[in-house]
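The next block holds one structure in the form of structure tokens; read it before the comments.
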Amino acid sequence: MLRDDLVRQGDWLFRWRGCVPLLMLPVVVLGFMESNYYGAAEGIYGEAWKALCFIVALSGLAIRVLVVGRAPAGTSGRITKHQKASRLNTTGLYSLCRNPLYLGNFFMNFGVLLFLNSIFVLAVFTLFFWLYYERIILREEDFLEGKFGDEYRAWAGRTPVFIPRFSGWIPPDLPFSWRTVLRREYTGFFAVVAALTAMELVGGLLADGRLSLGVNWRAVFAFGLALYLILRSLKKYTRLLHEPGR
């Protein structure tokens, strides 16, 4: 059956979801070649465009933060080897749509690629994201239905897959935990900063023939790198970011 094939593809994509997005690299290269960004890179417009890219990308990270900050242990993680769910999340952002983490991922990546100011790149990315995550979601739904049965089917019947329905809001069960957020989402913040910094470097190289960063860019990247190293060390060598049950 077609559904079975898509589920098998989703299982493979789930295992390798850290590598599969690299397939977008040729599209990004083409986007740099035909980008409209460089003609308007200087002045207020250019700075405003860069700020917009950061805002869109960080709004995606904010969605993830709101989910992860209220997630119980064993759920909403970054696992890749196999499906895992200690319980079914149905409140908070999970009452608005069934895949809020992937919604956050979409805006994070969209904001980074928006830097190129290329409709072609954004259109290809949106199609790629849909085909990619459609299969992963099918695999996850197959797993969750098998584990939670009628409870999952009832929740899925009233909750959209991806586009939020705000009328369905149910307050979250757990209080917000900044420790959980800092432990689990510091890589996402640095990924946004590093990706946009790389975009700026490559853009400057193509526009001016040299690699350079302005003072503001260097400060943002230095802050992102320092925060990443500090939180990674705290996570690896201490228990400061660990909270019982989260």
Side-chain angles (χ1 to χ4, degrees), residues 18 21-69 78 93 100-130 132-133 162-164 178 181-182 184-232:
L22 294 177
L23 295 174
M24 278 290 298
L25 280 178
V27 178
V28 173
V29 172
L30 289 175
F32 270 114
M33 294 173 63
E34 64 95 25
S35 176
N36 297 319
Y37 166 76
Y38 306 109
E42 301 299 331
I44 296 178
Y45 178 87
E47 296 305 313
W49 188 261
K50 297 170 189 178
L52 175 63
C53 295
F54 265 109
I55 290 171
V56 173
L58 292 179
S59 70
L61 180 62
I63 293 173
R64 290 190 57 92
V65 165
L66 291 174
V67 174
V68 171
R78 292 179 177 270
L93 291 190
L101 287 178
Y102 296 158
L103 181 64
N105 290 351
F106 175 80
F107 283 108
M108 287 175 68
N109 288 279
F110 193 91
V112 171
L113 295 177
L114 186 65
F115 191 93
L116 294 173
N117 194 16
S118 169
I119 295 177
F120 165 74
V121 171
L122 295 177
V124 172
F125 163 70
T126 302
L127 177 61
F128 175 83
F129 185 93
W130 178 260
Y132 175 46
Y133 275 101
F162 199 72
I163 299 177
W178 274 110
V181 169
L182 294 175
R184 295 168 64 171
E185 292 302 309
Y186 69 95
T187 55
F189 176 73
F190 182 64
V192 169
V193 171
L196 285 171
T197 301
M199 290 282 194
E200 174 72 2
L201 281 171
V202 175
L205 178 63
L206 294 177
D208 304 324
R210 60 190 179 90
L211 291 172
S212 64
L213 286 175
V215 174
N216 292 338
W217 274 104
R218 292 198 297 270
V220 170
F221 181 78
F223 172 76
L225 179 60
L227 186 64
Y228 172 83
L229 294 174
I230 291 171
L231 292 177
R232 180 175 174 81

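Because the structure is predicted, anything quoted here is derived from the model rather than measured.
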Stepwise side chain to side chain contact (heavy atoms under 4.5 Å, CB included) check, Phe107 with Leu58: CA-CA 8 Å; Phe107 283 108; Leu58 292 179; over 6 Å; no
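- The aromatic rings of Phe129 and Phe106 sit perpendicular, their planes meeting at an angle over 60°, well past the 30° parallel limit.
- Between atom CE of residue Met199 and atom CG of residue Leu113 there is a gap of 5.0 Å, rounded to the nearest 0.5 Å.
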Before giving the answer on side chain to side chain contact (heavy atoms under 4.5 Å, CB included), spell out for Tyr228 and Val193 the whole-Å C-alpha distance, their side-chain angles and the decisive distance to 0.1 Å. CA-CA 11 Å; Tyr228 172 83; Val193 171; over 6 Å; no
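- With a 6.0 Å radius and a threshold of 12 heavy atoms from other residues, nucleotides or ligands, Ile163 has its CD1 atom at or below the threshold.
- The number of heavy-atom neighbours closer than 6.0 Å to CZ of Arg232, taken from other residues, nucleotides and ligands shown, is 12 or below.
- For the atom pair OH of Tyr102 and CZ of Arg64, the computed distance is 9.0 Å after rounding to the nearest 0.5 Å.
- With rounding to the nearest 0.5 Å, the separation of CZ in Phe162 from CH2 in Trp130 is 8.0 Å.
- Taking every heavy atom of both residues into account, Leu61 and Glu185 meet most closely at CD1-OE1, 3.9 Å.
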Where do Met24 and Val124 land on the side chain to side chain contact (heavy atoms under 4.5 Å, CB included) test, with the steps shown first? CA-CA 9 Å; Met24 278 290 298; Val124 172; 4.2 Å; yes
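- At a threshold of 4.5 Å between non-hydrogen side-chain atoms, the residues Phe190 and Leu231 do not count as touching.
- Nearest approach of Val181 to Gly69, heavy atoms of both residues: CG2-CA, 3.5 Å.
- Val112 and Ala195 make their closest contact through CG1-CB, 3.8 Å (heavy atoms, listed as atom of the first residue, atom of the second, distance).
- Considering CZ of Phe221 and CG of Leu213, their distance stands at 8.5 Å, rounded to 0.5 Å.
- To the nearest 0.5 angstrom, Glu47 atom CD is 7.0 Å from Asn216 atom CG.
- Considering Trp217, Phe115, Trp49 as possible partners of Phe54, the one that fulfils the ring pair (Phe, Tyr, Trp, His ring centres under 6.0 Å) test is Trp217.
- Scanning both residues, Gly111 and Cys53, for their nearest heavy atoms gives O-CB, 3.4 Å.
- Atom-to-atom distance recorded for Leu66:CG and Leu93:CG is 5.5 Å, nearest 0.5 angstrom.
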As a quick check of understanding, evaluate side chain to side chain contact (heavy atoms under 4.5 Å, CB included) for Val68 and Leu101, giving each step before the final call. CA-CA 8 Å; Val68 171; Leu101 287 178; 4.1 Å; yes
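- Taking all atoms of both residues into account, the shortest heavy-atom contact from Ala57 to Val192 is CB-CG1, 3.7 Å.
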